[in-house]
A.B. asks: 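Okay, here's the structure, questions in a sec.
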Amino acid sequence: MASRIAVIDFETTGSSPGQGARATEVAIVIVERGAVVDSYQSLMNGGVWVPPFITQLTGITNAMVAEAPPAAEVMAQASRFVGETPLVAHNAAFDRGFWQAELARAGCAAAQPFACTVRLSRRLYPEAPNHQLGTLARFHRLPSAGRAHRALADAQVTAALLLRIQQDLSERWGVAAPEHGFLMALQACAKARLPGFLAQHGAAQALRR
DNA sequence: TGCCAGGCCCTCTTTAGGGCCTT
């Protein structure tokens, strides 16, 4: 279904899979028709060492990773869970990199398009103090989802942010049922052209009602 | 046990540099 969107978040051992960093945890939250309808979460064992500062940041320890299922097994499950559903992440370039790298290791395809709530937030909420996930959660008074920097909690907050974005697009800018394709077009729209883009799309949607 | 990337955006730009965001 076109309105179905999968929100994903990884915890990792570093910032770049190209530098040897591996995922330690993945969470996926399914958003459909303005609500969270399903979720998947798992730690994963990529056979790598978790640096102390990552443990301090996330609470994920080497012992937790050692006891987790193999990364390839988890990624195969995650791939089946997502299917062909388009993806959303907060700073999508980061999560897309790990999604593609870990799926490639697991021998799975990674063809889903990624929309980015950082890019969308910068377009829609220039008045926000900054566009870190925690700041945006406070700015929008989103419900708390548990410890920050754990995959499921961060995916749930990102899903709440996505729902807020969809709600505002509908109520403030007149865009009816903004789906993933619209979000991709919106985030690619130049800042200077945004007012016209939203006005034009809102009007186009209104004419179809 | 540790060093530090990649992509995107803005502007004092585009023949570039610096800041943000993720772990």
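Throughout, a chain's letter reflects where its sequence line sits, starting with A, and its residues are numbered from 1.
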A.B. asks: Heavy atoms only, 4.0 Å cut-off, all strands: where does A:Gln187 land among base, sugar-phosphate and nothing?
C.D. replies: sugar-phosphate
A.B. asks: Over all strands shown, is A:Arg22 touching base, sugar-phosphate only, or nothing at heavy-atom distances under 4.0 angstrom?
C.D. replies: nothing
A.B. asks: Could you encode protein contacts along nucleotides 16-23 of chain B as a string, one character per nucleotide from 5' to 3', using B for base contact, S for sugar-phosphate-only contact and - for no contact, with a heavy-atom cut-off of under 4.0 Å?
C.D. replies: ----BBBB
A.B. asks: With a 4.5 Å cut-off on side-chain heavy atoms, are A:Glu25 and A:Phe10 touching?
C.D. replies: no
A.B. asks: Hey, does A:Ile30 have a side-chain heavy atom less than 4.5 Å from the side chain of A:Arg4?
C.D. replies: yes
A.B. asks: Between B:dT1 and B:dA5, how far is it from one P atom to the other, in whole Å?
C.D. replies: 23 Å
A.B. asks: May I ask you to decide if the ring planes of A:Phe182 and A:His201 are parallel, tilted or perpendicular, using 30° and 60° as cut-offs?
C.D. replies: tilted
A.B. asks: Quickly work out the A:Trp49 CH2 to B:dC4 P distance and round it to whole Å.
C.D. replies: 14 Å
A.B. asks: Side chain of A:Lys191, heavy atoms from C-beta onward: which of B:dC8, B:dC10, B:dG2 has the nearest atom to it?
C.D. replies: B:dC10
A.B. asks: Does the side chain of A:Val26 come within less than 4.5 Å of A:Gln41's, by heavy atoms?
C.D. replies: no
A.B. asks: Decide yes or no for A:Leu162 and A:Val7: does some side-chain heavy atom of the first lie under 4.5 Å from some side-chain heavy atom of the second?
C.D. replies: yes
A.B. asks: For B:dC20 and B:dC12, measure between their P atoms and round to the nearest Å.
C.D. replies: 16 Å
A.B. asks: If the C1' atom of B:dC8 is compared with that of B:dT13, how far apart are they to the nearest Å?
C.D. replies: 15 Å
A.B. asks: Given that A:Arg119 and A:Ser16 both sit by DNA chain B, which one's nearest nucleotide is further toward the 5' end?
C.D. replies: A:Ser16
A.B. asks: Let me confirm one number: the CG-OG1 distance from A:Asn62 to A:Thr13, rounded to the nearest 0.5 Å.
C.D. replies: 10.0 Å
A.B. asks: Measuring only the P atom in each nucleotide, how far is B:dG7 from B:dC3? A whole number of Å is fine.
C.D. replies: 24 Å
A.B. asks: Quantified in whole Å, what is the C1' atom distance between nucleotide B:dG2 and nucleotide B:dT23?
C.D. replies: 14 Å
A.B. asks: Answer yes or no: is there a side-chain heavy-atom contact under 4.5 Å between A:Arg22 and A:Phe98?
C.D. replies: no
A.B. asks: Given atom CZ of A:Phe98 and atom P of B:dA5, what is their separation to the nearest angstrom?
C.D. replies: 13 Å
A.B. asks: Expressed as a whole number of Å, how far does the C1' atom of B:dC4 sit from that of B:dC21?
C.D. replies: 15 Å
